[in-house]
Chemist: 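Just passing along the structure, written as structure tokens.
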Amino acid sequence: MKLRHPPQVLLYTPLLVVGLLYQLIQLHLTTGTCISLPLPSPIQCLRTDENGDGLDCTVESYQRVWQDRKLCRVARAVYPRTEAQLIEAVASASRTGSRIKVVSGGSHSLNKLVCPGGENNFLISTRYYDSLIHIELTSRTVTAHSGVMLRKLLDYVAEFNLSLPHTPYWQGVSVGGAISTGSHGSGAWGRGSSLHDHVVGMRLVLPALQQEGYAKVVELTDGQEDLDAARLSLGVLGVISTVTFQLEPIFKRSVSLELRDDEGLEDEISEFAKAHEFSSLNWYPGTRKVLYKIEDRVDATTEGEGTFRHAMVEKLSLEEIENMRNSLELMERTENEDGLCEMEGMTIRARLEHGDGFLNDGLTFTGYPVVGYSHNMQTSGGCEEASSPVTPTGIDLNIFSDGTSDCEGGMSNTIESATTNTVCTCFWNPDLNTSMLFHDVAIAVPISRAKDAVLEIKKLRDLRQKTMCRLGVLGGLFMRFQAKSKAYLGEADDSVTFEFCQYKKREANIPKLQQDFFEEIEQMLLVKFGGKPHWGKNRILAFDDMHRRVRAMEKFLQVRERLDPFRLFSNEWTDAILGDGSIPRSAQILQDHCAFEGLCICREDSHCHPGRGFFCRPGYVFNEARVCRHEASTV
Ligand SMILES: Cc1cc2nc3c(=O)[nH]c(=O)nc-3n(C[C@H](O)[C@H](O)[C@H](O)COP(=O)(O)OP(=O)(O)OC[C@H]3O[C@@H](n4cnc5c(N)ncnc54)[C@H](O)[C@@H]3O)c2cc1C
Ligand SMILES: *[C@@H]1O[C@H](CO)[C@@H](O)[C@H](O)[C@H]1NC(C)=O
């Protein structure tokens, strides 16, 4: 019997699921309702006390595992709803000298920023701290509790014909959490695309002396030095109670996608950033293509009710999630790089032809340009939305109980609806054993050095072009722009962030095929081009010597010394990445196989995996790089 398809075609079929992810969106709009499986709370506690505080808890990231794969234990978790309760929480921690940290309802950062240090420590959740949103029409500002979710804020200000011009692409973040790691959209004009650079005021709750009642509130306004520390603080200064953002009159965006060859990309980048206010691009080095996202401001009266809905943050059915995961697992193992390149080409065409998540009338894509209100054209989500009540101590995992929710409206919370509808959730929902984990490498390089960075990556690509197609399945190299920041921990120059995602195994220490190529790119951007890792993303190895990578570390540390002299808001991780005074510290964890997990840059073979044939070797193009390469690998 002859096979109907040659084997590699069989291999492509599941890969197609990933490649055509961007078409899912169309699919979704026609499939109607699904039963939403809620995301679990990042805080899990064994007990609660009479005030509803959680006792004997753990705090996890949204993917569940931290980068170091170790648990974070918390003695007490509190859930303030008012500023008075927030102050009380800080006072009770500072009275006993306990370490304290703040986490949002979603805990979307991958390193241990939210893990309080020491023992008998406190965690403040802002999950329920979201009742205030106040607009000041004369100054065009909005003041919100730090736990307010981005989508809620965006929709609220739009009702007043106002707009927050730049926001990160995921609507499930809290405003306090988004600014505290330097989250951004794309665009280098004016204040730039970092949310924290649109902050003009803040109320901060600080630990204080006994005679001050152990906690106090300070009010910071634009122009004050302390605000330039607090606007991007990793939560180490105190608890942000409210944030005030500068708004603009409401406007629309006009978006077109354009596909070009990557020849000349190095010369086009900085011009492109200057030419379009919200520009960004996806570079696919393996197939030598660039997808330029040409995105400009147009007047609010321009016709168009367009929206952007990123397929990856839509509600996905459990079946779709499982298919994607299986495809990614397969892709990890495949040595068929021709197949991967073919997939990359198909993905790019699908993105271009299907609008890449942009929908002209909010429902379908009919052609470029897509015009719509700015707040509907950048930030998206939906998979996180669930009407289920969430208890402070965790979540009811029985999705068919009262906690059942529907998506897109319309279905009642009954068992019949469960049997007639699919179950859906976010692809990372850690309660699924098919959820997907990722490493996220996001490194900001000064725009003035972008040309050299692109040329260097091209040199590596030219050594083994097809290997680069491994990047394509997860979106290629995504490039977004930021302006020089006001924040002491922000970008010192106008910058371009190079970002790529890599599938991460649930099990530790599993090598990735050709991982050396991607380690080399990561180290080039960090070491050769002095790149700044995103504080809320990136693997542990990236956070070396942060003093050299941000605008004014020394000034930041001086402010911390004044606002939190006993470092109640610091922990092992922030001590490692911020250093102590002028001594830069390394965050790297040197141990067997550490380079496989992104915990270190290898220095010796044991940091890779000699038993599996991986040895620590210099980079091919950037010779200073140290990467784990398989002994059979050659160029
Ligand atoms: C699907 C997805 C898409 C994303 N897209 C983007 C993007 O487009 N651009 C981008 O830049 N980033 C993006 N991110 C990263 C994300 O914006 C950051 O990780 C962000 O910090 C998460 O916010 P959070 O509310 O979950 O905060 P958490 O992870 O809970 O906390 C982050 C930090 O803020 C501190 N913090 C939180 N609240 C307070 C407070 N009230 N007072 C003091 N400190 C506080 C915490 O202590 C911690 O240090 C994305 C993440 C995901 C999961
Ligand atoms: C917003 O603008 C629209 C269109 O110009 C107008 O009809 C509406 O009254 C405005 N709303 C507010 C709250 O100003």
Chemist: May I ask you to decide whether Arg480 forms a salt bridge with Glu499, counting only side-chain N to carboxylate O separations under 4.0 Å?
Modeler: yes
Chemist: Show every ring pair (Phe, Tyr, Trp, His ring centres under 6.0 Å) that has at least one partner inside residues 55-78, sequence neighbours left out.
Modeler: Tyr62-His108, Tyr62-Trp428
Chemist: Inspect the contact between Arg81 and Asp130 and indicate whether a charged nitrogen and a carboxylate oxygen are less than 4.0 angstrom apart.
Modeler: no
Chemist: Ring-plane angle category for Tyr128 and Tyr79, please: parallel below 30°, perpendicular beyond 60°, tilted otherwise.
Modeler: tilted
Chemist: Check the orientation of His609 and Phe596. Use parallel for under 30°, tilted for 30 to 60°, and perpendicular for over 60°.
Modeler: tilted
Chemist: What pairs with Phe498 under ring pair (Phe, Tyr, Trp, His ring centres under 6.0 Å), at least two apart in sequence or on another chain?
Modeler: none
Chemist: Do His184 and His534 have ring centres separated by under 6.0 Å?
Modeler: yes
Chemist: Could you check whether the SG atoms of Cys628 and Cys602 sit less than 2.5 Å apart, since that is the cutoff I want to apply?
Modeler: no
Chemist: Using a distance-only test with no angle check, is there a side-chain donor-acceptor pair under 3.5 angstrom linking Tyr488 and Ser233?
Modeler: no
Chemist: With the threshold set at 4.0 Å, does a side-chain nitrogen-carboxylate oxygen contact exist between Asp575 and Arg567?
Modeler: yes
Chemist: May I ask you to decide whether Lys112 forms a salt bridge with Glu572, counting only side-chain N to carboxylate O separations under 4.0 Å?
Modeler: no
Chemist: Decide, yes or no, whether a salt bridge links Glu519 with Arg629 under the criterion of side-chain N to carboxylate O below 4.0 Å.
Modeler: no
Chemist: Can you list the residues that meet the salt bridge (charged side-chain N to carboxylate O under 4.0 Å, His left out) rule with Glu491, with sequence neighbours excluded?
Modeler: Lys532
Chemist: I'd like to know if the side chain of Lys555 and the backbone of Ala229 have a donor-acceptor N/O pair within less than 3.5 Å.
Modeler: no
Chemist: Can we say Arg539 and Glu522 salt-bridge, meaning some charged N sits less than 4.0 Å from an Asp/Glu carboxylate O?
Modeler: yes
Chemist: Identify whether the distance between the nearest side-chain nitrogen and carboxylate oxygen of Asp226 and Arg562 falls below 4.0 Å.
Modeler: yes
Chemist: Determine, for cysteines Cys57 and Cys45, whether their SG atoms are under 2.5 angstrom apart.
Modeler: yes
Chemist: Is any NZ, NE, NH1 or NH2 atom of the basic residue among Asp516 and Arg617 found under 4.0 Å from an Asp or Glu carboxylate oxygen of the other?
Modeler: no
